[in-house]
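Working notes, beginning with the structure itself.
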Amino acid sequence: MPVARPETSDSRIIAHVDMDCFYVQVEQRKQPHLKGQPTAVVQYNSWKGGGLIAVGYEARKDGVKRSMRGDEAKKVCPQIHLVQVPVARGKADLTIYRNAGSEVVSILARKGRCERASIDEVYLDLTDAAETMLKETPLETLESIDEEVLKSHVLGLSLNGNDDRETVREWLTRRDADHRDKLLACGAIIVAELRLQVLRETEFTCSAGVAHNKMLAKLASGMNKPAQQTIVTLASVKGLLEPLPIKKMKQLGGKLGSSLQTDLGVNTVGDLLQFSEQKLQDIYGANTGTWLWNTARGISGDEVEGRLLPKSHGSGKTFPGVQALKSVAAVEKWLKELCEELSERLQLDLETNKRVAHTLTLHANAYKSTDTDSLKKFPSKSCPLRYGAGKVLEDSVNLFQAALREFLGSYTNPVDGGWGVTNLSVSASKIVAAPSGTCSITRYFHGQDRFHASSEQSDKKFAPESDNLSPSRTESHSASHQTDCGEGQTQITPDTSSLDQYETACKDEAIESCLTSTHHEPQLRLSEKERNNNDGKRSYEQKRKATQEKVSSFCWDF
DNA sequence: CTTGGCGTCGTAC
DNA sequence: TGTACGACG
């Protein structure tokens, strides 16, 4: 649920950069003959030609939609090239897309605080860069402005949204422009430059939005695609939001947005303006209420986090219908695949970014064939994470068995049978900077994985050869640079380090014990009573009912 | 196997 | 802290 944050008083310059049909671009770079061709990426699935997870713009022209199956896409667009997501260990493997995303991030991080929002989206705080630029070069003196900047869409600039280059040039260089507009203009120049740099270094195009906060920047980046940028001026905010369907706003595409529509009759963001902050708080709680009130006005204090790397790693797979896993042995087989992928990624993160993960979590979905409503909740379980594929597997299997016992309850006790797992995933979280000295551990595990991966005798003794290879670092600051390392992996290395932050973030002792831990049982709270699932959880519908009087009396006011 | 599957991130208790 | 679940793409 969204949380209200006070708006920062100063006017920031925030950009949202969104890669255009990213997976398709990655495949087109890999296979250049696909460039310019109608292309879509499908997830491995022999059923009806697989599900589309990315559609190129040539194919979109023919009406191909993300919601289609491969077969449908072929019908609408017979010439379409359907590229399969790589498969490794019997499952879809997104590694190449993640690595491509890292390439992009490392370029975008050059000009300001950068937040990796997803595999193909990035937020940038360009406030400092824009202010510096404005101080050094008054815009009205600009002689040549890059074509990419002149192609910007400036919201509210022209009546028909038909901003030609000369109009944009005029807007960019207006002497008497609002100071905030001038900063936006600087932001647009910087972003255009960054987008060109991304194109030069990666061959990928992207679109961008430039605004005073994340919410508006995100909205803008999607308005003109592909390979274009959109600027949200202060003056345009009201007119932009007023007619906008509520579902178009980030965070309002789900149940909260639906509740707004069905319960309050709010169809556009403008409709929300009718409700007082107090009323929205009464209905949705203090945080969400304030957040909604601000959102309707284009206000968002959300900061751009300086974070270039993911906060967790996961590997999972679904087993729909008849493919459901019906024995512990089958589950173990797939857990092995998932744990090996996860372990490989953890190892790479350790070597490349000097980070260690602390928590291992197992998620699953399952049905009980006795229960008529087949899909009951399968509990997720976590434990401390121990490095090495074999240990991750061992712990995952234990987590699964603990969860399975809980899931089945007293229901008979067949070891196998009577149940089926339809989804299985393992993930690693609580990732922090590794202590210096972990490099030796890195090498230790590297050797282990390479040369005797199957041997799971965890002799905790390894030579603690003191190496001062790398100071620990955090990624909390702005600039970073990238180096290619080894196996096609992209490293993102921060320029600045903050030992203070690291030292408070983790204790050497804790990390060492995590890495070398020899206990073979994950720490489970097995005996703990299962809590009542419905406690403290009220749907929007329930909340609405609880406050029905307030709502209706409010509605009468209007 | 209803817009899938496979991730990620976030909040609440 | 672990766990559940929503949102997004």
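A quick note: this is a predicted structure, and the numbers were derived from the prediction, not measured. Heavy atoms only: backbone and side chains are in, while hydrogens, waters and symmetry mates are out. Reminder, nothing fancy here: chain letters follow the sequence lines and each chain counts from 1.
Counted within 6.0 Å of NZ on Lys225(A), heavy atoms from surrounding residues, nucleotides or ligands total more than 12; the atom is thus considered enclosed.
Using a 4.0 Å heavy-atom cutoff across all strands shown, Ser315(A) reaches sugar-phosphate atoms only and no base atom. Residue-level contact check: Leu252(A) touches the backbone only, with heavy atoms under 4.0 Å from sugar-phosphate atoms and none from bases. Here Ile119(A) lies out of heavy-atom contact (under 4.0 Å) with every strand. Lys317(A) comes within contact range of the sugar-phosphate backbone alone, with a heavy-atom separation under 4.0 Å but no base atom that close.
With dG7(B), dA4(C), dG2(C) as the choices, the nucleotide that has an atom nearest any side-chain atom of Pro379(A) turns out to be dA4(C). Of the candidates dT8(B), dC1(B), dC6(B), dT8(B) carries the atom nearest the Ser312(A) side chain, counting heavy atoms from C-beta on. Which of dG5(B), dC9(B), dA7(C) sits closest to the side chain of Pro320(A) comes down to dG5(B). With dC6(B), dT8(B), dT3(B) as the choices, the nucleotide that has an atom nearest any side-chain atom of Leu94(A) turns out to be dC6(B). Comparing dC8(C), dT3(C), dA7(C) by their nearest atom to the side chain of Lys255(A) picks out dA7(C). When each of dG2(C), dA7(C), dT3(C) is scored by its nearest atom to the side-chain atoms of Gln251(A), the top-ranked nucleotide is dA7(C).
To the nearest angstrom, P of dG10(B) lies 10 Å from CG of Asp302(A). If you take CG of Asp71(A) and C1' of dG4(B), they are 13 Å apart, rounded to a whole angstrom. In this entry the distance linking CE of Met249(A) with P of dG6(C) reads 22 Å, nearest Å. Look at CG on Leu256(A): it is 10 Å from C1' on dG6(C), rounded to the nearest Å. Distance CG (Asn287(A)) to C1' (dC13(B)): 14 Å, rounded to an integer number of Å. In this structure, CD of Glu341(A) is placed 10 Å from P of dC6(B), rounded to the nearest angstrom.
Salt-bridge check for Glu305(A) with Lys311(A): failed, with every basic side-chain N at 4.0 Å or more from each acidic carboxylate O. The residues Lys30(A) and Glu27(A) are annotated as salt-bridged, a charged nitrogen and a carboxylate oxygen being separated by less than 4.0 angstrom. A salt bridge is defined here as a Lys NZ or Arg NE, NH1 or NH2 lying under 4.0 Å from an Asp or Glu carboxylate O, and Arg345(A) with Glu341(A) meets this definition.
For the pair Thr361(A) and dG2(C), the criterion of a side-chain N or O lying under 4.0 Å from OP1 or OP2 is not met.
The residue among Lys430(A) and Lys250(A) whose nearest nucleotide of DNA chain C is located toward the 5' end is Lys430(A).
One P atom belongs to dC1(B), the other to dC6(B), and the distance between them is 14 Å to the nearest Å.
Taking all atoms of both residues into account, the shortest heavy-atom contact from Val85(A) to Asp93(A) is CG1-O, 3.9 Å.
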